[in-house]
Undergrad: 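Let me give you the structure first, and then I'll get to my questions.
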Amino acid sequence: MSAPAEGRREGARAAELWVVVPAYNEAASLPATLAALAAQQDTGFALVVVDNASTDATAAAVREFARSAPFPVELVHEPQPGAGTAADTGFRHAVRAGARLLLRTDADCLPARDWTAVARAEFGRGAQMLCGRSVPRPDERPTLAEARLLPALVRLSALYGRLRPAHRGPGYRAPYVLCHGHNLGITADLYVRCGGAPRERLEEGSEDVTLLNRARRHSGRVVRAEHLVVHSSLRRLRSWGVRRTLLWYWDRRYRPVDTEEVHVR
């Protein structure tokens, strides 16, 4: 192993905060996500990208970025399909490497420049799980309707989640909050204690909600962090339209006949 590679691996082992990015056939979108991470105000973290059996140049994009990244980068391969599966693989890889704090975003998203700094500050104030805010990616030039529609769908989802009987009850130690898989943080201790993300395919369920509810049964320190911001892609909304997108997020009441179509590109 070369000296720079050895140094990066030592840096990964020393990192307290790890960022996890699951990726399936995201060679076109991933470089922008990696650039947004490299532009963070706080780059004192390690990154693990989980290549979820991609058939494109996703892995090559990660290797190219790692050559000049301002933080340690590790590439892990997960052959079993599923966003929850890939996320769990990445989280557990980070925990084994010594992570104490975990963040996740997706390979079509752009974290705000203060994303890791805000997360670290929230953890420092005692939070054990962070559920951040999602806004449209500005580089996708959202129309006025899209800019208003996405937040409206988010608010509707939050209201449904709070009122749903399955999300209420004496077994929960924290109130239900809206949680996006592409913008969440959790301590390594809580992740392991609660069982982590479900290892399931994207079309099988909302792995972020499952992780949230598992965490809520083990901790009262689950918070909605409105200033923890990630810019998310509009590609699903634009490809499927409002009705099908809403039904998809509503317990997968819409699913494409061809399961490969759930991965909108």
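Basis for what follows: all heavy atoms, side chains included, without hydrogens, waters or symmetry-related copies.
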Undergrad: According to ring-ring contact (aromatic ring centres under 6.0 Å, His included), who are the partners of Tyr172, at least two apart in sequence or on a separate chain?
TA: none
Undergrad: Got a donor-acceptor contact below 3.5 angstrom from the Ser206 side chain to the Asp208 backbone?
TA: no
Undergrad: Side-chain contact, heavy-atom cut-off 4.5 Å: Met129 with Cys179?
TA: yes
Undergrad: Using atom types as modelled and distance alone, determine if a side-chain donor or acceptor of Arg133 lies under 3.5 Å from a backbone N or O of Val229.
TA: no
Undergrad: So, for Gly90 and Val48, which heavy atoms are closest and what is the spacing to 0.1 Å?
TA: O-CG1, 3.8 Å
Undergrad: Please determine whether a side-chain nitrogen of the Lys or Arg among Arg120 and Glu16 lies less than 4.0 Å from a carboxylate oxygen of the Asp or Glu.
TA: yes
Undergrad: Identify the heavy atoms of His231 and Pro136 that sit nearest to each other, and give their distance.
TA: ND1-O, 3.5 Å
Undergrad: Looking only at side chains, do Asp56 and Thr58 share a donor and an acceptor under 3.5 Å apart?
TA: yes
Undergrad: Compute whether any side-chain donor of one residue and acceptor of the other, for Ser134 and His182, lie under 3.5 angstrom apart.
TA: yes
Undergrad: Kindly give the heavy-atom pair with the smallest separation between Gly185 and Leu103, and that separation in Å.
TA: CA-CD2, 3.7 Å
Undergrad: Distance-only, no hydrogens or angles: does the Arg100 side chain make a donor-acceptor pair with backbone N or O of Leu17 under 3.5 Å?
TA: no
Undergrad: Does any non-hydrogen side-chain atom of His93 lie less than 4.5 Å from one of Trp18?
TA: yes
Undergrad: So how far is it from Asn25 CG to Ser54 OG, rounded to the nearest 0.5 Å?
TA: 4.5 Å
Undergrad: Is the shortest side-chain heavy-atom distance between Val177 and Leu212 below 4.5 Å?
TA: yes
Undergrad: Any carboxylate oxygen within less than 4.0 angstrom of a Lys/Arg side-chain nitrogen, looking at Glu204 and Arg199?
TA: no
Undergrad: Any chance you could measure Glu26, atom CD, to Asp51, atom CG, to the nearest 0.5 Å?
TA: 10.5 Å
Undergrad: Indicate yes or no for a side-chain donor-acceptor contact from Ser29 to the backbone of Asp108 under 3.5 Å, with no hydrogens or angles considered.
TA: no
Undergrad: Kindly write out the residues that satisfy side-chain hydrogen bond (donor to acceptor under 3.5 Å, both in side chains) with Asp114, not counting sequence neighbours, or none if the list is empty.
TA: none
Undergrad: Return the minimal non-hydrogen interatomic distance between Leu228 and Asn183, and the atom names on each side.
TA: O-ND2, 2.7 Å
Undergrad: What's the separation between atom OG in Ser219 and atom CD1 in Ile186, rounded to the nearest 0.5 Å?
TA: 8.5 Å
Undergrad: Using side-chain heavy atoms (C-beta onward) and a distance below 4.5 Å, is Tyr176 in contact with Val222?
TA: no
Undergrad: Shared ILVMFWY cluster between Phe71 and Val118, side chains joined below 4.5 angstrom?
TA: yes
Undergrad: Any side-chain heavy-atom pair from Pro256 and Trp240 closer than 4.5 angstrom?
TA: yes
Undergrad: Does any N or O in the side chain of Glu207 come within less than 3.5 Å of the main-chain N or O of Pro198, such that one atom is a donor and the other an acceptor?
TA: no
Undergrad: Starting at CZ of Arg221, measure out to CZ of Phe123 and round the result to the nearest 0.5 Å.
TA: 12.5 Å
Undergrad: Assess the residue pair Val49 and Phe65 against the criterion (side-chain contact (heavy atoms from CB on, under 4.5 Å)); give the C-alpha distance rounded to whole Å, side-chain angles, the decisive distance to 0.1 Å, and a yes or no.
TA: CA-CA 11 Å; Val49 179; Phe65 172 76; over 6 Å; no
Undergrad: Looking at Arg224 and Glu226, does any basic side-chain N land under 4.0 Å from a carboxylate oxygen?
TA: yes
Undergrad: Please report the interatomic distance OG1(Thr116) to CG(Asp42), rounded to the nearest 0.5 Å.
TA: 4.0 Å
Undergrad: Are Leu110 and Leu30 connected into the same hydrophobic cluster when the rule is that any two of I, L, V, M, F, W, Y join if their side-chain heavy atoms are below 4.5 Å apart?
TA: no
Undergrad: Grab the two heavy atoms, one from Pro142 and one from Arg137, that are nearest each other, plus how far apart they are.
TA: CD-O, 3.4 Å
Undergrad: Heavy atoms, side chains only, cut-off 4.5 Å: are Arg104 and Pro22 in contact?
TA: yes
Undergrad: Check the pair Thr105, Leu184 against side-chain contact (heavy atoms from CB on, under 4.5 Å), reporting the backbone distance first and the verdict last.
TA: CA-CA 7 Å; Thr105 193; Leu184 64 82; over 6 Å; no
Undergrad: Would you call Arg236-Glu140 a salt bridge at under 4.0 Å N-O?
TA: no
Undergrad: Just so I know, are the side chains of Val19 and Val21 near enough to count as touching, which here means a heavy-atom distance under 4.5 Å?
TA: yes
Undergrad: For Asn52 and Ala86, indicate whether the former's side chain and the latter's backbone hold a donor-acceptor pair under 3.5 Å.
TA: no
Undergrad: Might you point out which heavy atoms bring Ala127 and Leu130 nearest each other, and give the distance in Å?
TA: CB-CD2, 3.4 Å
Undergrad: Does some side-chain heavy atom of Leu47 sit less than 4.5 Å from a side-chain heavy atom of Val62?
TA: no
Undergrad: Nearest 0.5 Å, please: how far is NE2 in His180 from OG in Ser232?
TA: 7.5 Å
Undergrad: Is the backbone N or O of Cys109 less than 3.5 Å from a side-chain atom of Thr33, with the two atoms forming a donor-acceptor pair by type?
TA: yes
Undergrad: Can you see whether Asp88 engages Thr85 through a side-chain donor-acceptor pair at a distance of less than 3.5 angstrom?
TA: no
Undergrad: Tell me, please, which residues at least two apart from Arg214 pass side-chain hydrogen bond (donor to acceptor under 3.5 Å, both in side chains).
TA: none
Undergrad: Are a donor atom and an acceptor atom from the side chains of Thr187 and Gln128 found within less than 3.5 Å of each other?
TA: no
Undergrad: State, without any angle test, whether His227 and Glu122 hold a side-chain donor-acceptor pair at a distance under 3.5 Å.
TA: yes
Undergrad: For the hydrophobic clusters of this structure (ILVMFWY residues joined by side-chain heavy atoms under 4.5 Å, transitively), does one cluster hold both Val223 and Leu101?
TA: yes
